[in-house]
Amino acid sequence: HATGGETEEEKQCVDLLENQLMDLRMNFVRLVYNPDFEKLKPAYLEQLPKKLQEVSRFLGSRPWFAGQKLTFVDFVAYDVLDQQRMFTPECPELKGNLAQFMQRFEALDKISAYMRSGRFRRTPVFLPSSNWSNSKE
């Protein structure tokens, strides 16, 4: 679908951010499935702002993470950022350009239509064995 970036610079942005986002995702997954979730949660929340600031700086003032065109990494970014927004809704790092990015993403015709449809489910995010967002709300 040609969503991996067109120019060499776009492709590098996509590759770099995909790996950064997967690190953030996996840290979150390890937290929510850890039996010591409540004990580990404060440390996770302490390091989260720095991680989100890095993502915010990477996006900068561009509409999409690789530039002017939507790429697959924008889908990954939205998913990761949306989970963080659900987990810590008052996080100031999820305001500003990251919030604007998420609004742009949600406003895409097909995404918007899907989110308004009866098929869309925000939860559960994780399996019942997790310690967070493990049931339908």
Side-chain angles (χ1 to χ4, degrees):
H1 298 283
T3 62
E6 294 177 3
T7 68
E8 189 59 32
E9 183 179 345
E10 289 172 348
K11 291 175 184 178
Q12 289 173 1
C13 284
V14 166
D15 286 345
L16 180 66
L17 187 61
E18 178 188 20
N19 288 303
Q20 288 296 107
L21 291 168
M22 291 311 294
D23 287 346
L24 185 57
R25 179 190 305 276
M26 291 311 298
N27 286 337
F28 189 50
V29 167
R30 280 191 289 275
L31 171 68
V32 301
Y33 282 99
N34 194 304
D36 292 325
F37 171 76
E38 290 299 333
K39 188 170 118 183
L40 297 172
K41 183 178 172 182
Y44 178 83
L45 291 172
E46 185 177 317
Q47 62 84 37
L48 182 61
K50 182 178 184 274
K51 301 288 185 189
L52 293 173
Q53 288 167 5
E54 292 170 358
V55 174
S56 174
R57 275 194 304 274
F58 192 92
L59 176 62
S61 61
R62 296 184 305 243
W64 306 110
F65 278 97
Q68 299 301 312
K69 295 181 181 176
L70 188 71
T71 63
F72 82 88
V73 81
D74 295 303
F75 289 81
V76 177
Y78 178 82
D79 189 47
V80 169
L81 294 172
D82 186 45
Q83 288 177 8
Q84 297 309 305
R85 177 175 62 179
M86 291 170 63
F87 188 63
T88 178
E90 300 306 315
C91 183
E93 287 74 22
L94 289 169
K95 310 296 184 211
N97 68 337
L98 295 180
Q100 293 166 1
F101 161 78
M102 294 177 75
Q103 289 169 350
R104 269 191 302 281
F105 188 88
E106 291 169 354
L108 292 168
D109 290 342
K110 290 186 178 185
I111 300 296
S112 176
Y114 169 68
M115 291 179 87
R116 288 189 317 265
S117 78
R119 298 175 317 178
F120 177 69
R121 300 284 183 264
R122 186 160 297 282
T123 59
V125 174
F126 295 107
L127 296 172
S129 59
S130 77
N131 294 291
W132 178 80
S133 191
N134 55 10
S135 61
K136 190 174 178 180
E137 293 177 8

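We use all heavy atoms of the structure for the numbers below, so side chains are in, but hydrogens, waters and symmetry mates are not.
In this structure, Phe105 and Tyr78 have parallel ring planes: the angle between them is below the 30° cut-off, well short of the 60° mark.
For the pair Asp74 (side chain) and Phe65 (backbone), a donor-acceptor distance under 3.5 Å is present. The closest donor-acceptor contact from the side chain of Gln47 to the backbone of Tyr44 lies under 3.5 Å. Listed for the Tyr33 side chain is a donor-acceptor partner under 3.5 Å among the backbone atoms of Leu127. Looking only at distances, a side-chain donor or acceptor of Arg104 sits under 3.5 Å from a matching main-chain atom of Pro63. Under the 3.5 Å distance criterion, the side-chain polar atoms of Arg119 are left unmatched by any main-chain donor or acceptor of Arg116. For Gln12 (side chain) and Glu9 (main-chain N/O), no donor-acceptor pair under 3.5 Å exists by modelled atom type. For the pair Asn97 (side chain) and Ser61 (backbone), a donor-acceptor distance under 3.5 Å is absent. A donor-acceptor distance shorter than 3.5 angstrom exists from the side chain of Ser133 to the backbone of Val125, with no hydrogens or angles considered. Side-chain N or O atoms of Asn131 include none that pairs as donor or acceptor with a backbone N or O of Phe37 at under 3.5 Å.
With salt bridges taken as basic N to acidic carboxylate O contacts below 4.0 Å, one links Asp79 and Arg25.
Within a 6.0 Å radius of CG in Asp36, more than 12 heavy atoms belonging to other residues, nucleotides or ligands are found. The environment of NZ in Lys95 is crowded: more than 12 heavy-atom neighbours from other residues, nucleotides or ligands sit within 6.0 Å.
Once rounded to the nearest 0.5 Å, the distance linking CH2 of Trp132 with NZ of Lys41 reads 9.5 Å.
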Practice prompt. Take Asp23 and Lys51 through the salt bridge (Lys or Arg N to Asp or Glu O under 4.0 Å) test and state the conclusion after the steps.
Written response: CA-CA 10 Å; Asp23 287 346; Lys51 301 288 185 189; over 6 Å; no
Practice prompt. Step by step, work out the salt bridge (Lys or Arg N to Asp or Glu O under 4.0 Å) result for Glu106 and Arg85.
Written response: CA-CA 14 Å; Glu106 291 169 354; Arg85 177 175 62 179; 2.9 Å; yes
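Residues Gln84 and Leu48 have side chains in contact (heavy-atom distance under 4.5 Å, counting atoms from C-beta outward).
Residues Gln83 and Phe28 share a closest heavy-atom pair of OE1-CD2, 3.8 Å.
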